[in-house]
Trainee: 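Could you have a look at this structure, given as structure tokens, before my questions?
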Amino acid sequence: MRLLGDLNAEFILAEANGTALGYVQLRYHESAWVSGREAELEDVFVVDTARRHGVGQRMLEFAASRRRT
């Protein structure tokens with residue numbers, strides 16, 4: 001997976017007790033509209049058994065909070 005070594009990509013993994021529940025993939029690039037870089041949400045995945053329990057929402061909130069800093 002070339003993306004894992006790409007400094008312009010980030011993966012946020014949700015897990016519980018060593019079991020992966022889902023992930024969010026972000027890709028960063030220079031913006032034509034604002035000064036600096038911006039993040040683009042490329043992928044969100046939550047396993048069937050963890051859906052409708054707030055896992056995706058918490059991953060997205062975490063991703064958004066990281067980009068504000």
Side-chain angles (χ1 to χ4, degrees):
M1 291 223 21
R2 290 184 289 181
L3 282 176
L4 292 178
D6 186 345
L7 296 178
N8 293 312
E10 181 176 25
F11 293 87
I12 297 168
L13 178 66
E15 63 92 17
N17 301 319
T19 300
L21 301 177
Y23 71 89
V24 167
Q25 177 188 338
L26 300 170
R27 188 80 67 109
Y28 301 100
H29 55 88
E30 294 299 319
S31 173
W33 303 103
V34 297
S35 176
R37 291 169 31 107
E38 64 183 11
E40 180 178 344
L41 176 65
E42 282 200 346
D43 203 4
V44 177
F45 176 77
V46 178
V47 297
D48 288 340
T49 56
R51 291 183 182 163
R52 314 226 18 104
H53 295 282
V55 173
Q57 180 177 343
R58 287 192 300 274
M59 286 190 300
L60 291 173
E61 289 170 354
F62 180 77
S65 73
R66 286 188 36 73
R67 297 317 342 144
R68 290 188 190 122
T69 58

Trainee: Provide the closest heavy-atom pair for A14 versus V55 in the form atom of the first, atom of the second, distance.
Mentor: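 That would be CB-CG1, 3.8 Å.
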
Trainee: Taking all non-hydrogen atoms of both residues into account, name the closest pair between E38 and S31 and its distance.
Mentor: OE1-OG, 3.4 Å

Trainee: Nearest 0.5 angstrom please: N8 CG to E30 CD, how far?
Mentor: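 That separation rounds to 8.5 Å.
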
Trainee: Using every non-hydrogen atom in the two residues, find where R58 and H53 come nearest and quote the distance to one decimal.
Mentor: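 Taking every non-hydrogen atom into account, NH1-O, 3.3 Å.
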
Trainee: Kindly give the heavy-atom pair with the smallest separation between G22 and L13, and that separation in Å.
Mentor: O-CD1, 3.2 Å

Trainee: How about L41 and L26: do any of their side-chain heavy atoms sit closer than 4.5 Å?
Mentor: yes

Trainee: Which pair of heavy atoms, one from A20 and one from E15, lies closest together, and at what distance?
Mentor: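 The pair with the smallest heavy-atom distance is CA-CB, 4.2 Å.
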
Trainee: How far does CE of M59 sit from CD of Q25, to the nearest 0.5 angstrom?
Mentor: 12.0 Å

Trainee: Restricting to non-hydrogen atoms, name the atom on Y28 and the atom on A39 that form the minimum distance, rounded to 0.1 Å.
Mentor: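 It is CE2-CB, 3.3 Å.
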
